[in-house]
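Chain identifiers are assigned alphabetically (A, B, ...) following the order of the sequence lines, protein sequences preceding nucleic acid strands; residue numbering begins at 1 within each chain.
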Amino acid sequence: MDEILETLNSKQKEAVVKTEGPVLILAGPGSGKTRCITHRLAYLILQKHVNPAAILSITFTNKAANEMKIRTIKLLQEHNLKVKSLPWLGTFHASCVKILRREGKHLPYGSDFVIYDSKDQEETVKKSLLELHLDPKKFSPTNVLYTISSAKNELITAKEYVNHAHGYFQEIVAKVYPKYQSILRKNKALDFDDLIMETIFLFQEVPEVLHKYQNQFQYIQVDEYQDTNKSQYLLTKLLASNHHNICVVGDPGQGIYSWRGADIRNILEFEKDYPEVKVIKLEQNYRSTKTIISAAKQILEVNTDYPSMKLWTENFEGSRISIYEAYSEKDEALFLTDTIKSLLNYGENGEKLFQYSDFAVLYRTNAQSRILEEVLIREGVPYKLLGGVKFYERKEVKDVLAYLKFLANPADMIAWERIQKLGKRRSQKFIDWKEKSNLEKSSSAEILDSILKETGYLEYINNGSEEGISRVENVKELRSVAQSFDRLQDLLENIALIQDEVTPEGQKTDDQNNNSVVLMTLHSAKGLEFPIVFLAGCEEGLLPHSRAMTDKHELEEERRLCYVGITRAKQKLYMTYASKRQIFGAETFGAISRFIEDIDKDLLSWEQ
DNA sequence: GGTCACACAGTTTTT
DNA sequence: CTGTGTGACC
């Protein structure tokens with residue numbers, strides 16, 4: 001039975017078998033964290049005979065949740081256990097929605113609420129401003145929303161906010177927040193922050209509900225704990241307050257989300273909350289070369305906010321980190337394209353060593369991807385762009401979703417207003433159709449088809465231009481998503497919470513999908529690894545970003561971001577910077593990033 | 001009701 | 001530079 005522990009190192013084993021009481025796993029990059037958590041789940045079920053339904057395992061992204069699900073199932077199967085059920089495995093938001101929907105009878109808005117995404121939220125803020133006769137140009141909805149969201153993350157309600165408001169802007173927000181909240185409720189909508197906040201309030205106001213879930217979840221696991229905000233922290237604390245079987249995993253050195261409310265103190269002070277805590281440090285790295293680990297540590301060790309981990313590895317020394325000073329951003333793109341091509345053809349001994357999918361290009365801002373794409377296309381290098389403008393945020397997708405959302409929830413005035421903006425005649429046709437059709441019997445794809453047909457929406461967006469054609473493509477893509485969800489409600493819930501990666505250009509061939517260079521921001525690279533990594537734009541002003549250079553804590557976060565980027569690389573790391581770069585159309589000159597200068601010179605080799 | 005031109009903003013991003 | 005959104009004008 002102990003064979004489940006066989007493939008683990010001693011620290012990992014310790015973390016797996018310590019199932020009772022609070023555990024804090026500090027896991028450096030590449031230290032086998034996911035492996036550790038999935039084994040722990042399997043160990044609980046196989047060895048401790050814990051009912052899977054009694055385990056709550058929380059991750060930050062759906063991607064992580066999925067991966068964990070797959071790996072856990074595989075592990076259980078390997079040990080010949082047929083699983084009747086799996087642990088609750090999902091994001092904070094998905095878990096809270098599940099609870100709220102179940103407990104609808106305790107909620108004033110019931111179980112059938114809709115979930116507003118950030119665009120919907122912004123619309124709602126704008127509407128609130130207008131109703132209060134405030135000018136959205138003076139008080140940017142983005143900023144107001146950001147302030148409200150921060151308040152919600154701190155569990156400050158609309159009523160209380162006025163007592164926390166400092167300064168003119170926040171006093172304005174103190175007026176908008178209650179309005180915003182009342183519009184949400186009128187529309188039977190919750191925003192993302194509400195999902196967590198409302199669950200906590202439910203727990204606090206209806207103790208028997210809290211007790212129910214405290215009893216159900218005998219074991220709680222939270223991943224990426226350094227990225228939790230106050231409400232998420234409180235939620236787990238409430239659930240674990242009886243049995244204290246809470247295992248949190250994280251790495252303060254990889255905290256890169258403070259700008260959206262993550263509070264690194266949650267992990268740093270975990271020991272204060274649970275004095276009996278067992279702390280386990282996973283510091284052996286299995287991913288990268290000694291050179292890469294040394295460089296990463298040297299960059300991170302400059303930080304003083306809290307102690308860094310003592311990462312080490314038994315891996316090879318590896319080659320030096322290549323630094324390239326480009327003349328311009330175009331030159332930078334050419335350099336890395338050429339490098340990819342040359343490594344593709346000849347390894348060091350002349351044989352073909354790498355394929356496209358072994359390379360990743362990481363950068364600080366999405367805007368940097370444009371020139372990279374341009375050059376990669378021209379040079380015929382297949383690439384996959386992760387992130388960028390989100391599929392579900394595109395105008396045409398939001399439009400079609402507005403029709404669907406309004407059908408599912410006629411109280412949703414934000415959706416209705418969006419529909420009206422698409423033309424009076426079109427909305428009238430839509431309403432007429434809605435009256436006479438039987439929606440109960442139709443699948444979501446059928447409903448979508450009818451709407452497109454009745455309103456002539458496709459003709460409306462397709463003006464024959466390249467733009468128009470790609471918009472039609474996107475709507476078709478949405479239709480193919482709809483096909484996998486028969487019930488309209490299921491489709492909408494999935495879109496609101498999961499927001500799976502959808503490739504707007506439609507189905508790509510397997511070859512393109514699986515064998516391409518990957519382009520993404522440093523933020524979205526967390527958790528991934530690649531044999532060869534290019535860190536582009538290592539310039540003062542970009543990495544660290546100019547907006548973060550004046551504040552010590554923000555600067556430390558930039559450093560962690562750089563650390564995250566470097567530790568994605570398994571074999572070889574390139575760091576490039578451009579002495580001249582176009583930013584917002586203007587030519588700017590940037591100096592080499594201080595992060596490169598923090599690395600020992602004997603770990604670096606300068607290209608050309 | 002729809003189109004076109006101008007203004008304007010513009011880290012990071014998950015849910 | 002470039003995508004988005006608003007408002008004036010047909």
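In this structure, A:Glu373 atom CD and C:dT2 atom P are separated by 13 Å, rounded to whole Å. One interatomic measurement links the two molecules: CG of A:Leu362 to C1' of B:dT11, which rounds to 16 Å at whole-angstrom precision. As a whole-Å value, the separation of A:Arg418 CZ from C:dG5 P is 8 Å. Whole-Å rounding puts the A:Arg581 CZ to B:dG10 P distance at 20 Å. If you measure from atom CD of A:Gln368 to atom P of B:dG10, you get 18 Å, rounded to the nearest angstrom. To the nearest angstrom, P of B:dT12 lies 18 Å from CG of A:Leu555. Distance CD1 (A:Ile495) to P (B:dT14): 17 Å, rounded to an integer number of Å. In this entry the distance linking CE of A:Met520 with C1' of B:dT14 reads 16 Å, nearest Å.
Look at A:Arg547 and you'll find a side-chain N or O under 4.0 angstrom from OP1 or OP2 of B:dT11. Applying the 4.0 Å criterion to OP1 and OP2 of B:dT15, one finds that A:Asn62 has a side-chain N or O inside that range. Put simply, A:Asn366 has a side-chain N or O that comes within less than 4.0 Å of OP1 or OP2 on B:dT13. Dashed line: the shortest gap from a side-chain N or O of A:Arg426 to OP1 or OP2 of B:dG2 is under 4.0 Å. Note on A:Arg370: every side-chain N or O is 4.0 Å or more away from OP1 and OP2 of B:dG10. Note on A:Thr365: every side-chain N or O is 4.0 Å or more away from OP1 and OP2 of B:dG10.
Base orientation of B:dT11: syn (glycosidic angle within 90° of 0).
No salt bridge links A:Lys127 with A:Glu123; every basic N to acidic carboxylate O contact stays at or beyond 4.0 Å. Of the charged side-chain nitrogens involved, at least one lies within less than 4.0 Å of a carboxylate oxygen, so that A:Glu493 and A:Arg101 count as a salt-bridged pair. One finds no salt bridge joining A:Asp412 and A:Lys188 here, because no Lys/Arg side-chain nitrogen approaches an Asp/Glu carboxylate oxygen to under 4.0 Å.
Across B:dT11, B:dT13, B:dT15, the shortest atom-to-atom separation from the side chain of A:Ser524 is found for B:dT13. Taking every side-chain heavy atom of A:His93 into account, B:dT15 is the closest of B:dT12, B:dT15, B:dT11.
Of the residues near DNA chain B, A:Thr91 and A:Ile256, the one whose nearest nucleotide (by heavy atom distance) lies more toward the 5' end is A:Ile256.
Here A:Trp259 and A:His553 keep their ring centres 6.0 angstrom or further from each other.
Note that A:Arg260 lies in the cation-pi zone of A:Tyr257, set by a 6.0 Å cut-off to the ring centre and a 45° limit from the axis.
Using a 4.0 Å heavy-atom criterion, one finds that A:Lys126 contacts the sugar-phosphate atoms exclusively. A:Glu224 comes within 4.0 angstrom of no nucleic acid atom, judged by non-hydrogen atoms across all strands. Base engagement by A:Ser118 is indicated by at least one non-hydrogen atom pair under 4.0 Å involving a base atom.
Side-chain atoms of A:Thr521 and A:Ser524 form a donor-acceptor pair, as typed in the model, at a separation below 3.5 Å.
Remark: ring of A:Trp259 overlaps the six-membered base ring of B:dT12 in a stacked fashion, centroids less than 5.5 Å apart, planes less than 30° apart.
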